[in-house]
Amino acid sequence: MTSGQQANRTKRVRCCIVGGGPAGMMLGYLLGRAGIEVLVLEKHADFFRDFRGDTVHPSTLEVMDELGLIDGFLKLPHQRLQKMDGLFDGTPVRIADLSRLRTKYPFIAFMPQWDFLNFLREAGRRFASLEVMMRAEAVDLIRRGETIAGVQAKTPDGIVDIEADLTIACDGRHSTVRERAGLGVEEIGAPMDVLWFRAGRKSDETENVFARVEPGKMMIMFDRGDYWQCAYVIAKGQYEAVKARGLQALLDDVVRMAPILKAGIADVKSFDDVKLLTVAINRMARWTRPGLLCIGDAAHAMSPVGGVGVNLAVQDAVATANLLADKLQHGCPSENDLDAVRRRREFPVRMTQRMQVIVQNKIISGALHGNDRPLQVPLIVRLITALPWLQGIPARLLALGVRPEHVHSKAAPSSERSNSVGIISR
């Protein structure tokens, strides 16, 4: 060490979770509840990022219920959706009806993701073994031979070496941890990208149409109380062409599709108010290295079709805690034990992505490349619309997914703090 250099600070934990998104915060809560010494690293100072996934499906609501958190959770501001109606080149269709489900929470809750994550962080305050470190970005891995032994994190106070028996990557589809570990993904592809924006909503404005499909155009709308959340779907790689046409041309198309937005669209003043979501579908063949596990978007990026990303991430977290919490009490699980998470979750991921690809290829791609030719409502959509009892099938796949997870990890009797002290934020 040369003069003037300082050694990195070192912190030792049983489990280090990289990324404070839905997978990371849910897993941190579950492991803290189990009495595991766990540190969650979140690179931002807060959870406030706009246009993140904010559809909380019945599968996640059931997990919150199993954890005893549902009453407080549903007191947070949110909107509820049961029936998913659309217009397919002017023809009304019904895609799904969640009221037909035999589940305790037969609706999708629309809630800003930052409220969801803040709720989990606040709920986790009572667990002495859980720490959340904000403004801590994992920039590299610590290795001991072939084993991942933690991460190096960049903080406002310098680099911190986080030594951990197990490191879990929950840092999203552009995962730094996954890249540093040399783990690749299989790209499946998507024919579209999405432009997200908000339009103002008056208190007397109501609209039940969830999706609109026209030749060459597609748009999704959510009623968010005081504004409309809009997703305008474009063909893959066409964002620059959309910008070249100009903002007014885009807004004119939007208002033609959804006249109810005529007044509120004035909130979109420039392309700075329009956020591009580059859609990707991919998955890892291998989720592990010795001492390392990837879950959530780090292991499998989902299309926005169905809004299932948050819920698949939560399901991964629940499965991880179910399979590994007891083993973590004694150190790092073997790589075979870690791989049990992939073996448990790979089938639901593959099936969900397969359904997304079918929707992309059969409906979205055909609509976006349909030019001015009239669109025919797909036969399966006509059948679902005509036969109400069928509407429960897509509702179940959307709401609960394939093989939903339930909380089986145990709460440690001594996991709660003896007095109220806050989660550490740095």
Handout entry: Ile364 side chain near Val305 side chain, heavy-atom distance below 4.5 Å
Key = yes

Practice task
To the nearest 0.5 Å, tell me how far Leu30 CG sits from Lys410 NZ.
Solution key: 12.5 Å

Practice task
Work out which heavy atom in Val93 is nearest to a heavy atom in Leu87; give both atom names and the distance.
Solution key: CG2-N, 4.5 Å

Exercise for the section: Test salt bridge (Lys or Arg N to Asp or Glu O under 4.0 Å) on Arg212 and Glu207 and set out the steps. Expected result: CA-CA 12 Å; Arg212 290 171 168 82; Glu207 180 73 281; 2.7 Å; yes

Handout entry: Flag, side chain of Glu405 to backbone of Val318, donor-acceptor distance under 3.5 Å
Key = no

Handout entry: Validation row: Ile162, Val18 side chains within 4.5 angstrom (heavy atoms)
Key = no

Handout entry: Straight-line distance of Leu130 CG to Glu37 CD, nearest 0.5 Å
Key = 11.0 Å

Handout entry: Distance, nearest 0.5 Å, that separates CD of Gln315 from OG1 of Thr352
Key = 9.5 Å

Handout entry: Glu62 side chain to Thr103 side chain, donor-acceptor N/O pair below 3.5 angstrom
Key = yes

Exercise for the section: Look at Lys11 together with Glu131 and state whether they make a salt bridge at an N to O cut-off of under 4.0 Å. Expected result: yes

Completion exercise
Heavy atoms of Ile363 and Pro378 approach each other most closely as CG1-CG, 4.0 Å

Practice task
Check whether any side-chain heavy atom of Lys83 sits under 4.5 Å from a side-chain heavy atom of Phe210, and report yes or no.
Solution key: no

Handout entry: Any donor-acceptor pair under 3.5 Å from Arg100 side chain to Ala395 backbone
Key = no

Practice task
Over all heavy atoms of both residues, which pair between Pro22 and Leu117 is shortest? Give the atoms and the distance, please.
Solution key: N-CD2, 3.6 Å

Practice task
Keeping the roles fixed (side chain from Thr147, backbone from Ala149), state whether a donor-acceptor pair exists under 3.5 Å.
Solution key: no

Practice task
Evaluate side-chain contact (heavy atoms from CB on, under 4.5 Å) for Phe119 paired with Met111, printing each intermediate quantity in order.
Solution key: CA-CA 11 Å; Phe119 180 85; Met111 179 184 296; over 6 Å; no

Exercise for the section: Please work out whether the ring planes of Trp287 and His300 are parallel, tilted or perpendicular, with thresholds of 30° and 60°. Expected result: tilted

Problem - Val185 vs Arg178 side-chain heavy atoms within contact, under 4.5 Å - result: yes

Problem - CZ/Arg396: more than 12 non-hydrogen atoms of other groups inside 6.0 Å - result: no

Practice task
Answer yes if the side chains of Thr288 and Glu335 hold a donor-acceptor pair under 3.5 Å, and no otherwise.
Solution key: yes

Exercise for the section: Could you tell me whether the side chain of Asp171 and the main chain of Thr176 form a donor-acceptor pair under 3.5 Å? Expected result: yes

Exercise for the section: Please work out which of the three classes, parallel, tilted or perpendicular, describes the rings of Trp196 and Phe222, given edges at 30° and 60°. Expected result: parallel

Exercise for the section: Find out whether Trp114 and Asp46 are in side-chain contact, i.e. whether some heavy atom of one side chain is under 4.5 Å from a heavy atom of the other. Expected result: no

Problem - Minimum heavy-atom distance between Gly20 and Glu42, given as atom pair plus value - result: N-OE1, 2.9 Å

Practice task
Take atom CZ of Arg354 as the centre, draw a 6.0 Å sphere, and report whether it contains more than 12 heavy atoms from other residues, nucleotides or ligands.
Solution key: no

Practice task
Return the set of residues passing salt bridge (Lys or Arg N to Asp or Glu O under 4.0 Å) with Asp223 (not counting sequence neighbours), or none when no residue passes.
Solution key: Arg201

Practice task
For Lys236, look at atom NZ and say whether over 12 heavy atoms of other residues, nucleotides or ligands are found less than 6.0 Å away.
Solution key: yes

Problem - Ile36 backbone acceptor or donor facing Ser129 side chain under 3.5 Å - result: yes

Practice task
Of all the heavy-atom pairs spanning Ala299 and Cys294, show the shortest one and how long it is.
Solution key: CB-O, 3.6 Å

Exercise for the section: Report yes if the side chains of Phe110 and Thr55 come closer than 4.5 Å at any heavy-atom pair, otherwise no. Expected result: yes

Problem - Value rounded to 0.5 Å, distance of CG in Asn282 from CG in Asp297 - result: 8.5 Å

Practice task
Check for a donor-acceptor pair, side chain of Asp65 on one end and backbone N or O of Ile70 on the other, with a separation under 3.5 Å.
Solution key: no

Handout entry: Rounded distance [0.5 Å steps], OG in Ser409 versus CD in Glu66
Key = 10.0 Å

Completion exercise
d(Lys217 NZ, Asp253 CG) to nearest 0.5 Å is 4.5 Å

Practice task
With side-chain contact (heavy atoms from CB on, under 4.5 Å) as the test, would you mind laying out the steps for Arg9 and Thr155 before giving the verdict?
Solution key: CA-CA 11 Å; Arg9 292 185 296 136; Thr155 77; 3.6 Å; yes

Exercise for the section: Give the C-alpha distance, both sets of side-chain angles, the deciding distance and a yes or no for side-chain contact (heavy atoms from CB on, under 4.5 Å) between Arg14 and Leu166. Expected result: CA-CA 7 Å; Arg14 180 73 77 190; Leu166 176 61; over 6 Å; no

Exercise for the section: Answer yes or no: is there a side-chain heavy-atom contact under 4.5 Å between Arg94 and Ile384? Expected result: no

Problem - Partner of Phe197 by side chain to side chain contact (heavy atoms under 4.5 Å, CB included), out of Val254, Asp267, Asp273 - result: Val254

Exercise for the section: For the residue pair Asn361 and Ser365, confirm or rule out a side-chain donor-acceptor distance under 3.5 Å. Expected result: no

Practice task
With the side chain counted from C-beta on, respond yes when Ser59 and Val314 share a heavy-atom pair under 4.5 Å apart, and no when they do not.
Solution key: no

Exercise for the section: Verify the neighbour count for atom NE2 of His406: are there more than 12 heavy atoms of other residues, nucleotides or ligands below 6.0 Å? Expected result: yes

Problem - Heavy-atom donor-acceptor pair, Arg180 side chain to Val139 backbone, under 3.5 Å - result: yes

Problem - N/O donor-acceptor pair under 3.5 Å between His57 side chain and Gly307 backbone - result: yes

Exercise for the section: Measure across Ile17 and Gly28 and return the closest heavy-atom pair with its distance rounded to 0.1 Å. Expected result: CD1-N, 3.5 Å

Problem - Sidechain-backbone polar pair: Glu187 side chain, Gly189 backbone, donor-acceptor under 3.5 Å - result: no

Exercise for the section: Determine, stepwise, if the pair Asp161 / Arg12 fulfils salt bridge (Lys or Arg N to Asp or Glu O under 4.0 Å). Expected result: CA-CA 8 Å; Asp161 288 341; Arg12 172 77 189 168; over 6 Å; no

Problem - Test item: Arg173 side-chain N/O and Met302 main-chain N/O as donor-acceptor pair under 3.5 Å - result: yes

Problem - Full working for side-chain contact (heavy atoms from CB on, under 4.5 Å) between Val274 and Val242 - result: CA-CA 11 Å; Val274 180; Val242 171; over 6 Å; no

